[in-house]
Each structure stands twice: as C-alpha cells, then as structure tokens.
Colleague: 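Structure below; questions to follow.
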Amino acid sequence: MDKKFIYFFGEGQAEGDASDEMIRLLGNKGAQLQGMTKIGLPVPPGFTITTDVCDYYFEHDGQLPEGLVEQVRANISRLEQVTGYRFVDIEQDPLLVSARSGAAVSMPGMMETILNIGLSDKCVDAYIERHGNKEQPKKFILDCQRRLYEMFGQNVYGIEREKFRKIFDGFKEEAGIQEETLLTSSHLQTIVTKYKQLYKENGKELPQDPLQQLTDAVKAVEESAMGEKARNYRKAEGLPEKVGTGVNIQTMVYGNENITDCGTGVGFTRDPSTGINNRQNPYGEFLLGGQGEDVVSGSRNVFSISHMKQSVPQAYDELMKVCDILEQRIKRVQDYEFTVWRGKLYMLQTRNGKLTGRANVRSSHDMVREGLIDVRDAVLRVVPENFEQLLHKMIDYEAMKCDGVQLDEVVINRGGAGVAASPGGGVGKAVFDVKTALEYKERGEPVILCRLETNPADYPGMIVSEAIATARGGKTSHAAVVARNKGIPCVVGTGVDIDEESKRITYQNNKDETVTINEGDYISVDGSAGRILNYKASLTEPSPDDPDLQDFLQLLYPIAKMRVYANANDSGEAARALQFGAEGIGLARTEYMFLEDKLEGENRQLAIQSWILAEEEEVVKLKALERLEQMQKRDFLEMYSVMQDKPIIIRLLDYPLHELLSGAKAHLDELSEATKLNQEHLKQRIDGYHETNPMLGHRSVRLGITHPEIYRVQVRAILSAAEEFNNSTDKKYLTPHIEIPLVCLVNEVKNMEQLVGEEAEKLGFSRGGYSSKGDNRYLLGIMYELSGASFEADSLAQVSDFGSFGTNDLTQTTMGWSREDGSATFMPRYVGQGIVGEDPFITIDKDGPVAKAMAHAVLLARAAKPDYEFGICGEHAADPASLEVCYGVGLSNVSPAPNQVPIAWLRSAQLSLTKEYGNMLNEYAVKASTSFSKSIGK
Ligand code: ADP
Ligand code: MG
Ligand code: MG
C-alpha cells in the first residue's frame with residue numbers, strides 16, 4: 001500500500017487528532033479540525049494532506065508523490081458520500097471545498113485560502129436555472145463564483161490582488177453602490193465577466209474540471225511554503241529553513257447565502273487584552289451574509305458576537321457551549337473562526353489565542369479558579385515579560401496604530417541598536433542636561449533626559465524624568481542601574497547622535513531624510529523594547545495595586561522556596577517594595593543618608609564633608625556626627641514604621657571618602673566656615689582623598705576600621721531607632737540586621753563585632769534572633785563580595801549571623817573585570833566570540849567562576865552553621881537566568897529593586913516547581929571533593 005498521505009475528518013470520525021505528534025504531521029489547523037471533529041463539534045467534513053507531502057514536493061523539485069492524486073480522489077469520494085453532494089454536479093447543488101494551508105507553526109506569507117473550489121461555470125448556470133432564475137439564489141452563486149475567481153487568480157496564477165480590487169471597487173463606484181451586499185446578480189455577472197477578461201489578459205483560464213482546480217490549489221499551497229515571504233519570516237523568527245505545511249480540503253459552508261440566518265465570525269473564548277471571560281458580551285465579531293475573511297478585512301460593518309442572540313439564537317447558544325468544550329479540552333484561551341449556514345453553527349478553526357501579558361496572567365489564574373488547570377500549570381505558563389505590562393506604564397502601540405502612525409516612521413534608533421535597560425514607557429520633552437530637566441519639571445512639564453551616558457552628577461535630573469535615553473552604555477551602565485532601581489523606563493546604547501552641546505538629536509528616518517529633534521520637542525521612550533520614538537505616544541496605565549497582579553502573587557507565595565526581599569533606601573521605597581510583595585528589605589544602603597537631605601536645611605553633605613575635612617577641631621567633628629546621627633535615626637524610624645517587624649538589613653557606609661566629598665568644591669565657603677580652614681587648604685585636602693583604584697581602596701569595612709566613629713554613629717542610629725520603635729508598639733519586636741560590606745577576613749568581622757557590641761551594650765541590645773522575653777536584639781551579618789570571603793566562609797559564618805552576596809562586586813573581584821571599563825572595551829568581543837555566553841554583569845553563568853564562588857561560600861558557611869541564611873542583593877536578583885543560579889545554590893532570599901519583586905517571586909515559584917532547591921550545591925560538592933581526593937591520591 002502507498003504511504004498514507006491523507007487524514008480524513010467528518011461526521012464525528014477523524015483519522016487524526018490534536019496531539020502534538022499530529023500537529024507536526026498535519027499542521028496546527030488540520031490537527032485542530034481533526035480534534036474538534038473527534039469530540040463531536042460541528043465541523044464541515046474534509047481531509048488533511050500531511051506535511052510529508054510538502055517535504056516531498058521540495059525534495060523532488062515540485063513533484064507530488066506518487067499515489068497522492070489517487071488518495072485525493074478517494075477522499076473526495078468519501079466526502080461525497082458523507083455530505084451527499086457531488087463534485088461536478090449539475091443536477092443538484094454541487095460539492096464545493098476550500099483549500100487551506102496550515103503548518104505546525106503559524107507562518108505569515110503562506111498561501112491564502114481558496115474558497116468555493118469545484119464551482120465550474122457550468123455549475124453556476126445549472127444552479128441558476130434550477131433555482132428558477134430567482135434573484136437571491138442567483139446573487140449567492142455568483143458571489144461564490146466571483147470569490148473563486150479572485151482567490152484562484154491570486155493564489156494559483158499570481159495575478160495581483162490589486163487588479164481584482166480595482167475591478168470590483170471601480171464597478172461598485174460606477175454603479176453608485178456602497179455596501180457590497182447591495183450588488184445585484186447582474187452587477188455580479190458583469191464583475192465575473194471582467195474577471196474572466198483579466199484572466200485572459202494574463203493568458204490564463206480557470207480550469208473547469210473541479211479536480212484540476214483542486215490539484216492546482218494544492219500545488220500552490222505547497223509552493224507558497226517555500227515562497228520568499230514565508231522563507232524570510234522563518235529566517236527572521238529563527239525557525240528551521242524548511243517547514244512543511246499541511247493542506248486542508250474542507251467542504252464549504254455558506255455564510256454568504258443570505259443576510260438573515262447566514263454569516264461568518266471570529267472570536268476569542270476570553271478577551272485577549274484583559275483575559276476576562278465575559279459571557280454577557282463575548283469577545284468577537286459576526287457578520288450576517290459574509291464569507292471567509294469578510295469579518296476581518298475591515299471592508300464591511302460587523303457586529304459583536306452577542307448580536308447573534310437575535311439573528312441566529314440557536315447557533316449562538318451552541319457557540320457558547322463549543323467555547324466551553326474547547327477550553328476544557330485544550331485548557332488555553334482559544335481564538336476561533338466559525339460560519340453560520342441556515343441557522344446552524346459550523347466551526348472552522350481554533351488555535352491558542354495570542355494574549356497580552358495581563359490577559360495571560362488573568363486568564364491563567366481564572367482557569368485555576370474554574371478548576372480547568374491547577375496552580376502549577378498557571379504558574380508555569382506565565383513568563384516574566386507578562387508581568388512587565390502590569391508593573392509599568394507601557395507605550396500604547398494600539399492607540400498609535402489608530403492614529404495612523406507606523407512604528408517604522410517614528411523610531412529614532414533604527415536598525416536594532418538600543419538596549420532595553422529598564423522596562424516601561426515614558427513620554428516627555430527632550431532635555432539634554434540636569435538643569436533644564438529641573439526647570440521644566442518645576443513648570444510641571446514632563447521631560448526625558450537624553451545623554452551620551454550618565455554619571456552620578458546627572459542623578460537629580462534622572463529621577464525627575466519620565467524616561468531616560470542614552471547613546472552609549474549597556475544593561476549595567478549607570479543610567480540603566482539607576483533607572484531600574486527607581487522604576488524609570490530607560491533605553492541605553494542606542495547609538496543615536498545625542499548632541500549635549502547644541503542640545504539636539506539628529507537621525508535618519510526610514511525615508512533616509514535627516515530629522516532633528518530640539519530641546520523641548522516631545523519624544524517617547526520604550527524601555528521594554530529599547531526604542532526612542534519621535535512621537536508623543538500615549539501610555540497604558542498600571543495600577544500600583546493591580547488586582548490581577550496581586551491575585552497572582554498570592555499563588556506564588558506559598559510555592560516559592562527562595563523568598564523575595566527588596567532593595568530600599570528610604571521609607572518611600574520600602575512602602576513600594578511591600579506593595580510589590582517583598583517580605584523584607586535585603587539591602588538598605590546608607591550612603592544616601594549622608595548626601596541627600598530629607599528636610600529642608602539639613603545640609604547633610606556639609607555635615608559629613610566637614611567631618612571628613614576638619615583637622616584640629618574635635619568639637620566640630622563630633623558635632624557634625626551628632627547631627628548626622630539624629631537625622632539617620634529619623635530616617636530609620638520612618639523605614640521601621642513601614643516595615644514593622646519584617647526583616648530589614650541595613651548596610652553600614654560602603655562609599656570611599658572621596659565619593660562623599662564629590663561636589664565639595666562647589667561650596668567651599670560654607671565648608672571653610674564650618675571647618676575653620678581656608679579654601680586653598682580645603683581644596684588640597686579634598687584632592688588628598690583621591691585614590692587610583694577606589695574599588696580596592698579605602699572604603700567599606702576598611703573605613704569602618706580606620707574611622708570607627710562613623711560606623712558607631714550609624715550603629716547607634718540604627719539601634720536607638722529600633723528601641724524607640726519597639727517601645728511604641730505592643731508586640732512587634734523589630735530586630736535590626738546590621739550588615740558590614742566588603743569583608744574578607746575573620747579579623748575584620750571580629751573588629752566589627754566588638755565595635756557593634758559595645759554600642760549595643762550601651763543601648764541594652766543583645767545579639768541574636770528574636771527573643772520570647774521581648775528584649776531588644778540585633779543581628780550582625782556580612783556581605784560576600786570578594787572571592788576571598790568565599791574561601792573563608794566557614795570561619796566567617798562562625799562570627800556572623802547571616803550573609804548576603806553582592807554579585808556585582810563579586811563578579812568584579814572574582815573575574816578581575818571592571819563593570820564600567822569592561823562593557824566599553826572587551827566585553828562585546830568576549831560575548832561576540834562566545835568566550836562568555838552573556839555579559840556576567842547581567843547574567844551569572846551557572847557554570848562560571850562566580851556561581852562557583854557562591855556555591856563554595858554557601859557550602860562552607862552551612863557546614864559551620866546549618867541554618868546560616870544567605871541572600872543576594874543587586875541587579876542579578878531580577879535577572880531570570882541568574883535567579884536560577886541563586887536557587888541552585890540554595891539562597892534563602894533574593895533582593896531586587898522594588899518593581900522587580902514580582903518577577904523574582906515568579907521565577908522562584910517556577911524553579912520550586914521544576915527543580916530541586918540547592919541542586920547546584922550537590923553537583924559542586926561532589927565534583928570538588930572528587931577532584932580533591934584524586935589529587936591527594938585517595
Ligand atoms: P487563515 O489561515 O488565513 O486564517 P483560513 O484557512 O482559516 O485562513 O481561511 C480563510 C477564511 O475562510 C476564514 O475566515 C475561514 O473561516 C474561511 N473558510 C475556510 N474554509 C471554509 C469553508 N470550508 N467554509 C466556509 N468558510 C471557510
Ligand atoms: Mg488569512
Ligand atoms: Mg483562519
């Protein structure tokens with residue numbers, strides 16, 4: 001027997017089904033038609049030619065395999081039997097079919113469907129005669145005929161669509177008719193005659209043998225799968241070069257027979273933009289008297305599906321039932337097509353609907369509530385990008401389309417340059433410096449700060465911007481890091497000519513014209529897609545306590561083994577972190593407390609700078625510190641009142657002194673008054689703090705050891721604020737977590753233990769976790785940011801209560817690469833040549849040295865103290881791939897920026913469902929111990 005090339009479906013029987021295997025063999029459309037038939041849904045009978053035939057066609061230079069035509073014939077006979085209609089019939093209504101392509105993956109550019117195949121001219125005449133030359137049936141059959149001529153001409157003979165359109169529209173205009181349905185049979189007859197003329201001009205003729213029409217159509221489908229359009233699409237989408245299509249031959253049902261109980265429609269089982277399942281007003285459209293793609297072509301007025309309740313109530317009820325059945329079987333939101341013929345419903349297609357992020361989150365959760373899927377399915381089908389739409393304002397591209405603006409016309413960074421550095425969309429006036437940004441903002445005008453790249457001096461301008469755009473830099477550039485922490489949309493590395501001097505942007509548009517954007521012109525930034533637009537876009541609004549997001553988070557909390565904290569430096573950020581579901585603060589940086597005023601006139605910078613610079617005057621120094629202590633205590637109290645008894649990890653001063661002095665030269669007169677030193681001398685002193693390699697210099701714990709008074713001030717502020725907070729509440733005992741940055745040696749920690757211990761004792765705090773007596777407690781932790789600390793982790797754990805990885809510095813010190821200099825110089829080459837898979841400052845390589853440094857530290861520390869808690873703070877804590885490493889080494893918690901907390905929950909929950917917690921520790925331990933044993937000969 002010949003190979004089976006064809007799978008039949010009809011009357012409740014189907015040779016195929018909707019399994020994955022069948023989707024590969026028959027294409028998605030075919031497999032779904034088979035599947036729907038099999039479960040008894042009303043599908044017009046037909047058959048599917050396998051994708052193998054398509055493969056054969058290409059391997060054999062446009063030949064159909066032997067035996068195929070016979071199998072087609074046999075299946076046509078079977079169709080004739082099942083339907084009672086016959087091909088080439090002039091005695092009664094003939095069998096007509098459609099030829100529809102459909103591969104396993106959707107592929108735009110493949111052949112369009114041909115409807116009404118089998119309708120010969122003779123059939124048309126006979127039909128008209130049989131129906132007594134009455135207008136309505138005559139009109140109907142001629143409408144079918146003109147459609148066949150159009151679709152066959154375009155798809156088989158390649159005659160341009162435009163030519164048919166011109167004839168059709170031209171005639172409508174000539175006859176003074178607006179609505180297509182008002183064309184009379186004689187109008188249609190004229191149109192068909194003109195079409196025949198057009199065929200002739202192209203040296204073609206419509207085959208009058210239905211089987212010939214059918215084979216020509218099948219070949220045209222096979223051909224289109226390898227056509228230029230489909231090929232380019234596959235290339236662009238990274239699909240295999242050859243993807244075969246299936247061909248579906250299906251009995252026609254006629255939505256165009258009349259405008260009372262016939263029509264065609266498309267719909268979704270749930271709203272694809274919100275995910276809501278509205279049974280009163282289902283999502284979709286219906287067109288009485290329409291065929292094929294009339295609904296979606298936009299050429300005719302359509303009605304919402306709910307209107308079917310009046311015109312075709314039975315079909316409507318059945319459609320609603322079908323929607324339920326489809327979702328129960330497939331368990332995904334379905335995008336479907338149907339036709340109603342003589343009041344009866346026929347399903348023509350179903351596939352998984354393309355959903356917005358919100359719709360995917362909402363519908364997945366609703367399906368859990370409805371018992372369609374379980375929590376696990378729901379959690380695994382949401383991807384991190386889905387959340388982004390719920391967490392940020394986004395550019396409203398739909399609205400832009402409605403305004404008739406094409407994306408390509410307005411993108412400034414064309415050609416794919418531009419790194420999506422911080423998600424969300426922003427709209428504002430282009431400004432090029434901090435001063436102007438602040439002036440505009442003062443007047444209440446939204447701004448977008450455009451810079452070549454940013455540095456700490458740009459900070460005040462950055463945080464008032466709706467979005468930030470830079471010409472240079474990567475995902476970990478200053479602009480990107482600040483933007484993500486503040487939740488400001490940002491695009492970097494756009495390569496756009498941003499001229500800070502003359503305050504303008506120039507670029508080539510898609511017509512190769514040079515366009516200039518001046519200061520004050522409106523632009524938009526899409527930080528999720530990495531674009532700058534020369535356009536004032538509108539934005540879709542996220543709500544801070546979006547119910548879809550909040551509800552979904554409830555599913556994640558009980559599953560996630562690795563818990564999620566957030567980085568927050570003040571009470572505002574802490575409140576946001578809580579809103580997004582953070583269970584604690586994994587890192588509160590205290591640097592800002594020295595530099596940024598909370599209340600007017602505090603002048604914290606002056607205080608810290610005069611403390612650093614003053615020489616003899618001990619009184620001056622102490623006074624400055626005293627003031628800072630009071631201010632910081634107030635800052636901590638504010639944060640505590642937000643966090644209540646949730647853990648809050650406060651890191652002592654990490655900056656080198658010279659960074660605290662940045663900007664000092666701008667107010668030398670004040671400093672001089674405070675320190676009683678002359679300005680020249682002050683300048684020299686400021687310069688004296690310069691370091692050649694500050695990263696490895698006088699900062700962090702080293703500063704705490706050389707200048708203990710500054711750390712003591714911080715410890716006192718932290719503890720006395722906690723004391724005050726605890727006294728003011730009944731049961732909530734807050735235990736501050738004090739954290740020492742950049743330690744490497746046990747002796748450093750011992751020194752700190754003593755310093756902190758002394759201050760604590762004075763305030764009546766004792767070390768250790770919560771106590772039932774309710775006395776005041778504190779914990780002392782350290783940061784693991786040096787690979788040296790990983791080697792020492794067992795002894796470091798002995799002297800500390802918890803640890804936290806700072807993987808940015810850990811990457812710098814483990815690999816010896818500078819983030820800033822690396823990304824500007826060798827990194828692109830390293831990534832390009834595959835020396836590293838990804839920039840390690842963006843993604844921790846799970847097989848790379850940083851992951852090993854982490855595993856090593858966790859193993860040693862937990863050998864010493866089994867319950868030792870480890871976290872991670874910083875950029876990597878929001879990167880989906882790096883989170884896999886965090887989970888793999890069994891971190892207790894991760895701490896990203898507040899906006900990114902939900903994404904971390906999602907990844908943690910997904911990993912908890914699919915991978916063993918701490919799996920990388922086992923692997924690393926086994927590997928390491930095997931190697932060690934080997935080398936000492938055991
Ligand atoms: P696409 O893949 O572009 O969606 P389809 O194969 O689904 O193309 O067909 C195009 C249009 O023709 C759709 O509206 C479809 O519902 C309609 N159609 C296809 N086959 C038939 C048929 N046998 N009877 C009635 N309408 C049909
Ligand atoms: Mg189409
Ligand atoms: Mg379709």
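Indexing begins at 1, ligand by ligand and atom by atom, following the structure's order. Values reported hereafter were calculated over all heavy atoms of this structure, with side chains retained and with hydrogens, waters and symmetry mates removed.
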Colleague: Phe87: which residues meet the ring-ring contact (aromatic ring centres under 6.0 Å, His included) condition with it, sequence neighbours left out?
Modeller: none
Colleague: Under 2.8 Å from the Mg ion (ligand 3), can any N, O or S atom of Gln349 be found?
Modeller: yes
Colleague: Going by atom types alone, do Glu223 and Tyr57 pair a side-chain donor with an acceptor below 3.5 Å?
Modeller: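 Distance-only check passes for Glu223 and Tyr57.
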Colleague: Do any N/O atoms on Gly292 end up under 3.5 angstrom from N/O atoms on ligand 1?
Modeller: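 Yes: some nitrogen or oxygen of Gly292 is under 3.5 Å from one in ligand 1.
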Colleague: How would you list all residue pairs meeting ring pair (Phe, Tyr, Trp, His ring centres under 6.0 Å) that involve residues 245-279, not counting sequence neighbours?
Modeller: Phe140-Tyr254, Tyr254-Trp341, Phe268-Tyr283
Colleague: To which of Arg100, Glu112, Arg147, Glu293 does the heavy atom nearest atom 3 (O) of ligand 1 belong?
Modeller: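 Selected option, by shortest heavy-atom distance: Glu293.
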Colleague: When only distance counts, is Thr339 in polar contact with ligand 1, meaning an N/O pair under 3.5 Å?
Modeller: no
Colleague: Counting both backbone and side chain atoms, is some N or O of Lys29 under 3.5 Å from an N or O of ligand 1?
Modeller: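 By distance alone, the answer is yes.
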Colleague: Does an N or O from Gln349, backbone or side chain, lie closer than 3.5 Å to an N or O of ligand 1?
Modeller: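 Yes, since at least one N or O of Gln349 sits under 3.5 Å from an N or O of ligand 1.
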Colleague: State the CG-OH distance between Leu198 and Tyr157, to the nearest 0.5 angstrom.
Modeller: 12.5 Å
Colleague: Taking the six-membered ring of Tyr346 as reference, does the cationic atom of Lys344 (NZ for Lys, CZ for Arg) lie under 6.0 Å from its centre and within 45° of its axis?
Modeller: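 Yes, a cation-pi geometry holds between Lys344 and Tyr346.
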Colleague: Does any N or O of ligand 1 fall below 3.5 Å from an N or O anywhere on Val253, backbone included?
Modeller: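 By distance alone, the answer is yes.
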Colleague: Under 3.5 Å, N or O to N or O, is Arg351 touching ligand 1 that way?
Modeller: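 No - when backbone and side-chain N and O of Arg351 are compared with those of ligand 1, no distance drops under 3.5 Å.
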Colleague: With atoms numbered from 1 as shown, which atoms in ligand 1 lie under 4.0 angstrom from a non-hydrogen atom of Glu337?
Modeller: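 Once the distances to Glu337 are compared, the set is 4 (O), 7 (O), 13 (C), 14 (O), 15 (C), 16 (O).
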Colleague: Roughly how far apart are Ile141 CD1 and Asn256 CG, rounded to 0.5 Å?
Modeller: 9.0 Å
Colleague: When you measure from the Mg ion (ligand 3) to each N, O or S atom of Glu337, which atom gives the shortest distance?
Modeller: OE2
Colleague: Less than 3.5 Å apart, any donor N or O on the side chain of Gln32 or Thr350 sitting next to an acceptor on the other?
Modeller: no
Colleague: How does Leu115 reach ligand 1, by side chain, by backbone, by both or by neither, if only non-hydrogen atoms under 4.0 Å count?
Modeller: side chain
